[in-house]
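Labels below follow one simple rule: chain letters A, B, ... track the order of the sequence lines, proteins then strands, and each chain is numbered from 1.
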2 protein chains.
Amino acid sequence: MLSASIEDYIKAIYALQTDRETASTKRIAERLGVKMASVTGMIKHLAAEGYAKHKPYRGAVLTERGKRVALGMIRRHRLIELFLASTLGLSWDELHADAELLEHAVSDRLIERMFEYLGRPQFDPHGSPIPSRDGSMTPRHSSRLDELALGDTGKVVAVSGRDPEFLRYLTDLNLRIGSKILVRDRAPFNGPITLRVGSRTIAIGHEAAARIRVSVDAPTKGARKPKPEVKRGSRTSRRAHKRR
Amino acid sequence: MLSASIEDYIKAIYALQTDRETASTKRIAERLGVKMASVTGMIKHLAAEGYAKHKPYRGAVLTERGKRVALGMIRRHRLIELFLASTLGLSWDELHADAELLEHAVSDRLIERMFEYLGRPQFDPHGSPIPSRDGSMTPRHSSRLDELALGDTGKVVAVSGRDPEFLRYLTDLNLRIGSKILVRDRAPFNGPITLRVGSRTIAIGHEAAARIRVSVDAPTKGARKPKPEVKRGSRTSRRAHKRR
DNA sequence: GTATAAACTTTGTCATGCCTAAGTTTTGTT
DNA sequence: AACAAAACTTAGGCATGACAAAGTTTATAC
């Protein structure tokens, strides 16, 4: 059985190496709230145990074994979040902190019971995919809201921050998973993006918009102003995550 | 914040001093699966922190402060058990182990959410009372099944063991919280007790019977053989614990 | 290209909580 | 009462995982 500390380090490295290629000592330390010296020590331990590779002065990278552990933790985390949301009705800004504590304590048996109870879900309350037991994740074909063109319509499918402030801000704007949006205006110089959300019109900054993932509707036949220079991901429409 | 270890010691001392007046080093060690030397060390620590009094060679006793912590832990434990039973449908033999792990990790906020979600329950799935936030517990007026007289009828309100084997045994006998029973026969010399449970007739040993608490029905007018030498507790009838 | 800053590692220390081995107190037996 | 066994404590040690301080490597600036 791995200690809670080791699990946290592996999760942190996984998250960091998903962005960049490698997880630096500094960033791991910041993420976990420990000093760099502690991180170096733990990275060496992880390397000795075969969970990571340590390239001195160059950061850490997980091995396949380490990745498997990381995906297992993410699975636990997201199932716990969904379970707490479904049963106790916790709002999305409250979920992360509690799941973070519980993910080290919940038995495998309980995780699988939750999985079945929740109807073998694919996505958590933030729209993030839940890894399957074997570590595979349903890919999401979505675009960053800040990359949408004027006139585009779509549905919010995920958000990438877990900061409660940010999530409450979105709630105040009426933005949640499944919200339908229409891009009304895009100010130049990374200025705010104006959206239609339900019956409200709101303005949102670029930084926030970049954290919101949207599945964009295929354009309808009606005349619309194209904006070809904006590149986007695939636009497959997907059902939103089921809430109760 | 108290460590999981400290919480476990306080719980163990509480349980032991509820039986006897004091919790001996040996018994604490057995309960927690550690050596006596470790217990002595921790008792001294608890005494230094004001959670317990240590009388060397005489065992430990919790202070008021320690008791408050213990009741808080019991509250958490029992609410978690009830929550897992209510949502995931865990059977009573599965509950204890998971709750034991979770009770150290669940936030106070989550505990109170569970409490409300469950409808401010008074009893856990084993029929044990759930301490209120201030530490008071609804007393249960019940008798040990092995002390019932021939012909007595009643309802199972609680069991006092948490051993999964024992609980599965009771399940096999059709005995659960709320089961109505009738004492058909009592063999002499601490022999088995024969019961009517629903439509089945079963025999149960004294040791098991002593762990089952029953609320005995007031005798009906019809003729019945009295057995005055058996003393019992009060016989107030109480609603059984609500299951979903 | 050299100096300085930033990132990183090494070394030694500390708290927690466990252990073993050895010594002490209490209890039980005769 | 005296001895042996059981219960208990003390002393010393170890693993984990954190830290600070000091030293090393890499990046940045000029």
Side-chain angles (χ1 to χ4, degrees), chain A residues 1-17 19-62 66 69-70 73 100-101 103-105, chain B residues 1-17 19-62 66 69-70 73 100-101 103-105:
Chain A
M1 236 278 120
L2 297 177
S3 72
S5 282
I6 290 178
E7 290 179 340
D8 283 338
Y9 275 96
I10 291 177
K11 268 207 327 175
I13 296 170
Y14 182 86
L16 291 169
Q17 80 178 23
D19 264 37
R20 333 240 166 166
E21 273 301 280
T22 174
S24 74
T25 305
K26 178 111 180 292
R27 283 166 176 279
I28 298 170
E30 280 167 358
R31 229 181 138 90
L32 297 179
V34 299
K35 301 291 158 165
M36 281 180 34
S38 310
V39 174
T40 302
M42 185 57 96
I43 289 176
K44 289 169 104 173
H45 179 67
L46 293 178
E49 298 286 315
Y51 294 109
K53 278 208 177 96
H54 183 205
K55 329 196 166 164
Y57 298 98
R58 238 81 253 239
V61 184
L62 292 183
V69 173
M73 292 308 297
E100 199 78 6
L101 295 174
E103 64 189 8
H104 304 297
Chain B
M1 237 278 124
L2 296 176
S3 72
S5 281
I6 290 179
E7 289 179 341
D8 283 338
Y9 275 96
I10 291 177
K11 269 206 327 176
I13 296 170
Y14 182 87
L16 291 168
Q17 80 178 22
D19 264 38
R20 333 242 167 166
E21 273 302 278
T22 175
S24 74
T25 305
K26 178 108 181 293
R27 284 167 175 279
I28 298 170
E30 280 168 5
R31 231 183 137 90
L32 297 180
V34 299
K35 300 292 156 163
M36 280 179 34
S38 310
V39 174
T40 302
M42 185 57 96
I43 290 176
K44 288 169 105 174
H45 179 66
L46 293 179
E49 298 285 315
Y51 294 109
K53 278 207 177 97
H54 184 205
K55 329 194 168 164
Y57 298 99
R58 238 76 257 233
V61 185
L62 293 182
V69 173
M73 294 307 297
E100 198 79 4
L101 295 174
E103 65 190 7
H104 303 298

### Task
List for me each residue that meets salt bridge (charged side-chain N to carboxylate O under 4.0 Å, His left out) alongside B:Lys26, sequence neighbours excluded, and say none if there are none.
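With neighbours one apart ignored, the set is B:Glu30.
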
### Task
I would like to know whether A:Leu62 and A:Gln17 meet side chain to side chain contact (heavy atoms under 4.5 Å, CB included); could you show each step before the answer?
CA-CA 8 Å; A:Leu62 292 183; A:Gln17 80 178 23; 3.8 Å; yes

### Task
Heavy atoms of chain A, cut-off under 4.0 Å: which first and last nucleotide of DNA chain C, 5' to 3', fall inside that, if you could look?
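Extent of the interface on DNA chain C: C:dA7 to C:dT10.
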
### Query
Considering all heavy atoms of both residues, which atom of A:Ile6 and which atom of A:Met42 are nearest to each other, and what is their separation?
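Smallest interatomic distance, heavy atoms only, reads CG1-CE, 3.8 Å.
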
### Query
What heavy-atom pair brings B:Ala4 and B:His104 nearest, and what distance separates the two atoms?
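The answer is O-CE1, 3.6 Å.
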
### Message
Counting only heavy atoms and a strict 4.0 angstrom limit, can you tell me which residues of residues 25-38 of chain A come near DNA chain C?
### Response
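Result for residues 25-38 of chain A: A:Thr25, A:Lys26, A:Met36, A:Ala37, sorted by number.
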
### Query
If you fit an axis to the five pairs at each end of the helix from C:dG1-D:dC30 to C:dT30-D:dA1, how big is the angle between those two axes, to 10 degrees?
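Rounded to the nearest 10 degrees, the bend comes out at 0°.
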
### Task
Scan residues 3-15 of chain B for pairs that pass salt bridge (Lys or Arg N to Asp or Glu O under 4.0 Å), counting only residues two or more places apart or in two chains.
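Qualifying pairs: B:Lys11-B:Glu100, B:Lys11-B:Glu103.
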
### Message
Applying side chain to side chain contact (heavy atoms under 4.5 Å, CB included) to B:Leu2 and B:Tyr9, what does each step give before you reach the verdict?
### Response
CA-CA 11 Å; B:Leu2 296 176; B:Tyr9 275 96; over 6 Å; no

### Query
Would A:Arg31 and A:Leu16 count as a side chain to side chain contact (heavy atoms under 4.5 Å, CB included) if you check the C-alpha gap in whole Å, the side-chain angles of each, and the deciding distance to 0.1 Å?
CA-CA 9 Å; A:Arg31 229 181 138 90; A:Leu16 291 169; 4.1 Å; yes

### Query
So where does chain A start and stop touching DNA chain D, 5' to 3', when the test is distance under 4.0 Å to a non-hydrogen atom?
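The contact span of chain A on DNA chain D goes from D:dG17 to D:dA27.
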
### Message
I need the full list of side-chain hydrogen bond (donor to acceptor under 3.5 Å, both in side chains) pairs touching residues 41-53 of chain B, with sequence neighbours left out, sorted by first then second residue.
### Response
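Only B:Tyr51-B:Arg65 qualify under side-chain hydrogen bond (donor to acceptor under 3.5 Å, both in side chains).
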
### Query
So do B:Val39 and B:Leu32 actually touch side chain to side chain, heavy atoms under 4.5 Å?
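Not touching, per the 4.5 Å side-chain cut-off.
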
Can you name the residues that form a side chain to side chain contact (heavy atoms under 4.5 Å, CB included) with [X], not counting sequence neighbours?
X	answer
A:Thr22	A:Val61
B:Ala105	A:Leu102, A:Ala105
B:Leu101	none

